[in-house]
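So the structure is just underneath, and the comments pick up after that.
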Amino acid sequence: MVSDCSARPTSKTSTAKRYLPWQSDLRNSKAIAKLKHRLIVIDVYTDNCAWCNRLEHETLQNPGVVAELADRFIWLKLNARISAADLKPYKISGYPTILVLDESGKLVTSFSGYLPPEQFAEKLEVLLP
């Protein structure tokens, strides 16, 4: 469990903010997931979506979430409008939606709407081996 999602990196000399290592292509993400034996976390968003924006800035850029989860999943960000063909099999009905896929693209779980950092991290951590 992430005990303190507001925790800052321990290095006092590092002032650079860390981000999740986002991919932008589903096919490439599946290839990386197979190579690294990791699940794929997809942030499905739309432009002008207030909850999508809040999830991005408050949760997905949270230093604790990034520190705990960045290297444990393959991260993919897809605009629902631009990536409609790739997303059609997952029958998304609202935004933001987080899809978690295995390395072959099979849906493991999904959740919709905004989640604060602690709840987001908890949902993903239960999926880890």
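- Ring-plane geometry between Phe120 and Phe111 is classed as perpendicular, the angle between the planes exceeding 60 degrees on a 0 to 90 degree scale with a lower cut at 30.
- The shortest side-chain heavy-atom distance between Val108 and Leu39 falls under the 4.5 Å cut-off.
- Applying the side chain to side chain donor-acceptor pair (under 3.5 Å) rule to Asp71 yields no partners; only residues at least two apart in sequence or on another chain are considered.
- Panel note: side chain Thr46, backbone Ala80; no donor-acceptor pair is recorded below 3.5 Å.
- Inter-residue side-chain proximity for Tyr95 and Val44 is flagged as met; some heavy-atom pair is nearer than 4.5 Å.
- Proximity of Ile92 to Leu99: side-chain heavy atoms (C-beta onward) are separated by under 4.5 Å at one or more points.
- In the hydrophobic cluster analysis, where Ile, Leu, Val, Met, Phe, Trp and Tyr join through side-chain heavy atoms closer than 4.5 angstrom, Tyr45 is grouped apart from Trp51.
- For Arg54 and Tyr114, the positive end sits near the middle of the six-membered ring, less than 6.0 Å away and at most 45° from its axis.
- Pairing each heavy atom of Ala70 with each of Arg18, the nearest pair is CB-NH2, 3.4 Å.
- Criterion: ILVMFWY side-chain heavy atoms under 4.5 Å apart, direct or through other members. Under it, Leu101 and Ile32 are part of a common hydrophobic cluster.
- Atom CG of Asp43 sits about 7.0 Å away from atom SG of Cys52, to the nearest 0.5 Å.
- With rounding to the nearest 0.5 Å, the separation of CD1 in Ile74 from NZ in Lys30 is 13.5 Å.
- Counting all heavy atoms, side chain and backbone alike, Leu127 lies closest to Thr109 at CD1-CG2, 3.8 Å.
- In plain terms, the two heavy atoms of Leu78 and Ser24 that are nearest each other are CD2-O, 3.9 Å.
- The side-chain heavy atoms of Asp47 and Arg81, taken from C-beta on, include no pair separated by under 4.5 Å.
- Pairing each heavy atom of Ser29 with each of Leu76, the nearest pair is OG-CD1, 3.6 Å.
- Side-chain heavy atoms closer than 4.5 Å link hydrophobic residues (I, L, V, M, F, W, Y) into clusters, and following such links, even through other members, never connects Tyr19 to Leu124.
- Here the straight-line distance linking atom CD of Glu122 with atom CG of Leu115 works out to 10.0 Å at 0.5 Å rounding.
- Panel note: side chain Trp75, backbone Gln23; no donor-acceptor pair is recorded below 3.5 Å.
- A 4.5 Å side-chain heavy-atom check between Leu69 and Glu125 finds at least one atom pair inside the cut-off.
- Proximity of Leu60 to Lys77: side-chain heavy atoms (C-beta onward) are separated by under 4.5 Å at one or more points.
- Taking 4.5 Å as the limit, every side-chain heavy atom of Arg38 sits out of range of all side-chain heavy atoms of Arg72.
- Linking ILVMFWY side-chain heavy atoms closer than 4.5 Å, directly or via other members, places Leu55 and Val66 in a single hydrophobic cluster.
- No side-chain heavy atom of Phe73 sits less than 4.5 Å from a side-chain heavy atom of Ile40.
- Among all heavy-atom pairs drawn from Val41 and Val100, the shortest one is CG2-CG2, 4.4 Å.
- Connection of Trp22 to Leu35 is not established within any shared hydrophobic cluster, with ILVMFWY side chains joined at heavy-atom distances below 4.5 Å, either directly or through further cluster members.
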